[in-house]
Amino acid sequence: MALIKSISGIRGTIGGRAGEALTPVDVVKFSAAFGTWVLKTTGNNTIIVGRDARLSGEMVNKLVCATLQGLGINVIDLGLSTTPTVEMIVPAKKAGGGIILTASHNPKQWNALKLLNQKGEFISDEDGKLVLEIAEKEAFEFAQVNELGKYKTSDTAIKKHIKAILDLPLVDVEAIKAKNFAVAIDCVNSSGGIAVPMLLNALGVRKVEKLFCEPDGNFPHNPEPLPENLREISKLIEKGKFDLGIVVDPDVDRLALVNEDGSMFGEEYTLVAVADYVLKNKKGNTVSNLSSTRALRDVTEKEGGEYYAAAVGEVNVVNMMKAQNAVIGGEGNGGIIYPELHYGRDALVGIALFLSHLAKSGMSMTRLRSSYPSYYISKNKIELTPEVNVDEVLRQMQERYAKQPINTIDGVKIEFGKEWVHLRKSNTEPIIRIYAESDSNATAEHLANKIIADIKEIISVKA
């Protein structure tokens with residue numbers, strides 16, 4: 001059983017003892033803390049709630065909504081929805097905040113409360129600490145009987161989200177219709193099973209083969225959209241005549257694509273391809289996190305823009321995008337952030353922009369993918385004993401490679417020409433994560449192993 005209290009939300013497994021998992025007691029406690037924070041900081045007594053289709057969603061939803069009503073907060077419940085949809089509806093309804101009930105790509109036993117401010121963006125580190133403090137002190141006061149909040153549902157949110165996507169100048173519905181694409185989709189039996197077919201229909205895609213689109217929360221495979229979890233759609237496309245495959249995670253903020261031959265387009269390249277399309281039509285800057293592929297920088301500079309790297313985490317990417325006035329950004333896990341729509345990762349706008357790009361390029365998926373610089377990321381970790389001072393190890397690595405360009409906004413990132421290594425410590429366990437990128441798998445692995453050897457040497461000297 002696990003309960004992880006972080007500034008970005010509350011995540012845990014269902015079942016077990018209060019304080020050790022995401023039990024009803026914990027759901028009520030943290031919902032009350034967030035509701036109290038919204039009332040104190042905004043004076044606004046409306047909160048939007050939406051959820052993915054996981055098995056515990058309905059139960060958690062009832063607890064959250066009732067708790068907010070108990071504080072005197074009016075609840076607009078979107079029911080089965082997507083993370084980006086809730087993000088858009090919060091400002092549209094002029095609400096004080098939002099709660100998305102989703103554990104994103106985590107397995108079915110997990111659920112979480114993701115917390116949004118009144119802009120429909122994830123709350124900041126500072127605000128997250130205040131919410132946790134309110135929860136810790138149980139500093140909430142519930143409303144008198146005549147002042148309880150009102151509850152209402154809304155089932156039009158996804159339609160409004162899709163309409164806003166169709167209204168974007170760079171979404172070319174006519175070009176998509178003309179291509180008559182044949183598409184296979186995998187929506188992991190969550191709310192993408194509602195939203196993705198609805199979007200594709202609106203875009204004029206008539207040939208859609210649905211895999212796992214029943215939003216009942218019974219995930220048919222690990223819900224993280226990584227190649228090893230996407231064998232079914234890969235086999236389907238390999239056998240059939242499809243132009244591409246589309247895969248989303250349970251809350252529809254990550255997008256993975258499959259080529260017409262069943263091979264993976266590559267989650268890192270979802271953002272690269274969409275950014276390429278946006279930059280060809282609108283000059284500007286881009287942002288991704290430090291652990292994302294260099295290919296985005298290459299594409300950005302080719303189109304005359306500047307690339308900026310942010311610390312890992314959606315909030316950090318969004319802050320950097322605002323600071324640098326980026327026209328497109330996101331994360332290498334298939335997270336597209338298109339500020340012309342809203343500041344949040346959004347697989348639906350990613351699908352619409354990508355299909356516009358593919359239609360207008362006249363290329364197949366494999367040809368389009370081969371038109372981008374090819375890089376490979378090796379992802380590793382080194383487990384340390386609790387007595388090892390991880391910060392000191394990272395400081396010594398920084399000293400050891402002081403002659404190389406180094407970024408320390410989030411761990412230590414060392415650049416070697418077009419190759420790089422990013423070292424980050426875990427916040428919850430004595431682990432250093434080591435990501436290395438190069439133009440071949442073998443070189444990326446070699447680079448990672450060299451850095452791991454350096455870390456082991458530093459630790460052995462200390463010992």
Full working for side chain to side chain contact (heavy atoms under 4.5 Å, CB included) between Val258 and Leu244: CA-CA 6 Å; Val258 186; Leu244 73 157; over 6 Å; no

When every non-hydrogen atom of Ala175 is compared with those of Ala359, the smallest separation belongs to O-CB, 3.6 Å

Just wondering, do Tyr435 and Lys413 contact through their side chains at under 4.5 Å, heavy atoms? no

Side-chain heavy-atom pair Leu236, Phe242 within 4.5 angstrom cut-off: yes

Could you give me the CA-CA distance, side-chain angles and deciding distance for Glu419 and Ser438, then say whether side chain to side chain donor-acceptor pair (under 3.5 Å) is met? CA-CA 5 Å; Glu419 298 175 344; Ser438 183; 2.7 Å; yes

Distance-only side-chain donor-acceptor flag, Asp172 / His357, under 3.5 Å: no

Distance-only donor-acceptor check, side chains Asn407 and His422, under 3.5 Å: no

Might you confirm whether atom NZ of Lys119 has over 12 heavy atoms from other residues, nucleotides or ligands at distances under 6.0 Å? no

For residues Tyr372 and Asp276, is any side-chain donor paired with an opposing acceptor at under 3.5 Å? yes

So, Glu437 versus Thr293: side-chain donor-acceptor pair below 3.5 Å or not? yes

Tyr307 and Ser288: side-chain donor and acceptor closer than 3.5 Å? yes

Does the side chain of Thr42 pick up a donor-acceptor pair with the side chain of Gln118 at under 3.5 Å? no

Exactly one of Leu279, Ile336, Leu170, Val349 clears side-chain contact (heavy atoms from CB on, under 4.5 Å) with Val274, and that residue is Ile336

If you count the non-hydrogen atoms of other residues, nucleotides and ligands that lie under 6.0 Å from NZ in Lys163, is the total more than 12? no

Side-chain donor-acceptor contact under 3.5 Å, Arg11 with Asn111: no

Do NZ/NE/NH1/NH2 and the carboxylate oxygens of Lys302 and Asp298 come within less than 4.0 Å? no

dist Ser154:OG -> Lys93:NZ (nearest 0.5 Å) comes out at 5.5 Å

When you compare the side chain of Arg51 with that of Glu58, does any pair of heavy atoms fall below 4.5 Å? yes

Could you give the distance from CG (Asn229) to CZ (Arg231), rounded to the nearest 0.5 Å? 7.5 Å

How close do Gly193 and Cys187 get, heavy atom to heavy atom, and via which atoms? N-CB, 3.3 Å

Measure the spacing between CD1 of Ile89 and OG of Ser81 and express it to the nearest 0.5 Å. 7.5 Å

Using a strict cut-off of less than 4.0 Å between a Lys/Arg side-chain nitrogen and an Asp/Glu carboxylate oxygen, indicate whether Glu87 and Lys114 qualify as a salt bridge. no

Within the 4.5 Å heavy-atom criterion, are Ile185 and Val208 side-chain neighbours or not? yes

Step by step, would you call Phe354 with Phe265 a ring-ring contact (aromatic ring centres under 6.0 Å, His included)? CA-CA 12 Å; Phe354 183 84; Phe265 193 79; 5.5 Å; yes

Between Asp77 and Lys152, does any NZ, NE, NH1 or NH2 come within less than 4.0 Å of an OD or OE carboxylate oxygen? no

Here the gap from Leu353 atom CG to Ile328 atom CD1, rounded to the nearest 0.5 Å, amounts to 6.5 Å

Determine, stepwise, if the pair Ile434 / Val421 fulfils side chain to side chain contact (heavy atoms under 4.5 Å, CB included). CA-CA 7 Å; Ile434 301 153; Val421 177; 4.0 Å; yes

Quick test of your reading of the model: are Glu224 and Arg254 salt-bridged, counting only N-O distances below 4.0 Å? yes

Name the residue from Asp439, Thr443, Asn441 that meets the side-chain contact (heavy atoms from CB on, under 4.5 Å) definition with Tyr376. Asn441

Do Trp420 and Glu415 have a side chain donor and acceptor closer than 3.5 Å? no

Looking only at non-hydrogen atoms, find the nearest pair between Ile47 and Gly35 and report the distance. CD1-CA, 4.2 Å

Side chains of Thr366 and Ser364 only: does a donor on one sit below 3.5 Å from an acceptor on the other? yes

Closest heavy-atom pair and its distance - Pro339, Met321: CD-CE, 3.6 Å

For Ala309 versus Leu290, what's the shortest heavy-atom pair and its separation? CB-CD2, 3.5 Å

Heavy-atom side-chain contact between Val248 and Val188 under 4.5 Å: no

Check: Val312 main-chain N/O paired with Asp410 side-chain donor or acceptor under 3.5 Å: yes

Testing the 3.5 Å rule here: is there a donor-acceptor pair between the side chains of Glu331 and Asn289? yes

Return yes if a side-chain donor-acceptor contact under 3.5 Å exists between Thr83 and Asp251, otherwise no. yes

Run the side chain to side chain contact (heavy atoms under 4.5 Å, CB included) check on Ser378 and Leu447 step by step: do they pass? CA-CA 9 Å; Ser378 170; Leu447 190 53; over 6 Å; no

Considering only heavy atoms from C-beta outward, does the side chain of Asp127 approach that of Val131 to under 4.5 Å? no

I'd like to know if the side chain of Ser31 pairs up with that of Thr67 as donor and acceptor (distance under 3.5 Å, no hydrogens or angles considered). no

Might you confirm whether atom CZ of Arg206 has over 12 heavy atoms from other residues, nucleotides or ligands at distances under 6.0 Å? yes

Between CG of Asp52 and CG of Asn189, what distance do you get to the nearest 0.5 Å? 12.0 Å

Tell me, please, whether Phe219 has Lys108 positioned over its six-membered ring: NZ or CZ under 6.0 Å from the ring centre and within 45 degrees of its axis? no

Do Asp346 and His161 have side chains that approach each other closer than 4.5 Å (heavy atoms only, starting at C-beta)? yes

Please report the shortest heavy-atom distance between Ala195 and Thr82, naming the atom on each side. CB-CG2, 3.9 Å

Could Lys283 and Glu301 be called an ion pair, given the rule that one side-chain N must be under 4.0 Å from one carboxylate O? no

Would you check, one step at a time, whether the test side chain to side chain contact (heavy atoms under 4.5 Å, CB included) holds for Phe416 with Ile414? CA-CA 7 Å; Phe416 305 89; Ile414 311 162; 3.5 Å; yes

Met88 and Leu341, any side-chain heavy atoms less than 4.5 Å apart: yes

Cation over ring face, Arg369 and Tyr269, 6.0 Å, 45°: yes

Taking atom NZ of Lys322 as the centre, does the number of heavy atoms from other residues, nucleotides or ligands within less than 6.0 Å exceed 12? yes

Can you tell me if NZ on Lys280 sees more than 12 non-hydrogen neighbours from other groups inside 6.0 Å? yes

Under 4.0 Å between a Lys/Arg side-chain N and an Asp/Glu carboxylate O for Glu260 and Lys239? no

Show the numbers, then the answer: is there a side chain to side chain donor-acceptor pair (under 3.5 Å) between His221 and Asp186? CA-CA 10 Å; His221 54 74; Asp186 176 352; 2.8 Å; yes

Measure the spacing between CD of Glu268 and OH of Tyr375 and express it to the nearest 0.5 Å. 12.5 Å

